[in-house]
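Right, one structure below, let's go through it.
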Amino acid sequence: METLTYSQVLARFGHALSDPLRARLLLALREGPGYPADLADLLDTSRQNLSNHLACLRGCGLVVAVPEGRRTRYELTDGRLTHALSDLLGLVLAVDPAACTTQTEDGCC
């Protein structure tokens, strides 16, 4: 297995966040694990589109699939990601408060 440099690891994380739907998906999983059908409904996207984004997030090492009988649950790979996403969002809004002029009911843009 190839060892990644710090810059490569950060670039992978940046790639994961570069798509608005993936960013929303990570924020949804920050709240807790989810199932593809529920996540697709929550994010107002097709299951196929969601599946593609989940595959990307798995490839980036940020999300893990947990089999549960006939279903698969998705969750962040590490609890520290919950804090990191919250901290990053807080930092972005502190640096540029105008970046988020509208909020959804979960407090996200």
Quick one: pull up [atom1] in [X] and [atom2] in [Y] and give me the separation to the nearest 0.5 Å.
X: L29; Y: R73; atom1: CG; atom2: CZ; result: 11.0 Å
X: L26; Y: R22; atom1: CG; atom2: CZ; result: 9.0 Å
X: R58; Y: T77; atom1: CZ; atom2: OG1; result: 12.5 Å
X: N49; Y: L43; atom1: CG; atom2: CG; result: 9.5 Å
X: R24; Y: L39; atom1: CZ; atom2: CG; result: 11.0 Å
X: T82; Y: R80; atom1: OG1; atom2: CZ; result: 11.0 Å

Indicate the atoms forming the closest heavy-atom contact of [X] with [Y], along with that distance.
X: H53; Y: L25; value: CB-CD2, 4.3 Å
X: L76; Y: R30; value: CD1-CA, 3.8 Å
X: A40; Y: L50; value: N-CD2, 3.7 Å
X: L42; Y: A28; value: CD2-CB, 3.8 Å
X: L57; Y: A16; value: CD2-CB, 3.6 Å
X: V63; Y: L54; value: CG1-CD2, 4.3 Å

Treat each ILVMFWY residue as a node, draw an edge where side-chain heavy atoms are under 4.5 Å apart, and state whether [X] and [Y] are in one component.
X: V92; Y: L81; value: yes
X: L27; Y: F13; value: no
X: L21; Y: L17; value: yes

Within 6.0 Å of CG in D96, more than 12 heavy atoms from elsewhere:
yes
When you measure from the side chain of [X] to the backbone N and O of [Y], does any donor-acceptor pair fall under 3.5 Å?
X: S51; Y: R47; value: no
X: T72; Y: A65; value: no
X: R12; Y: L62; value: no

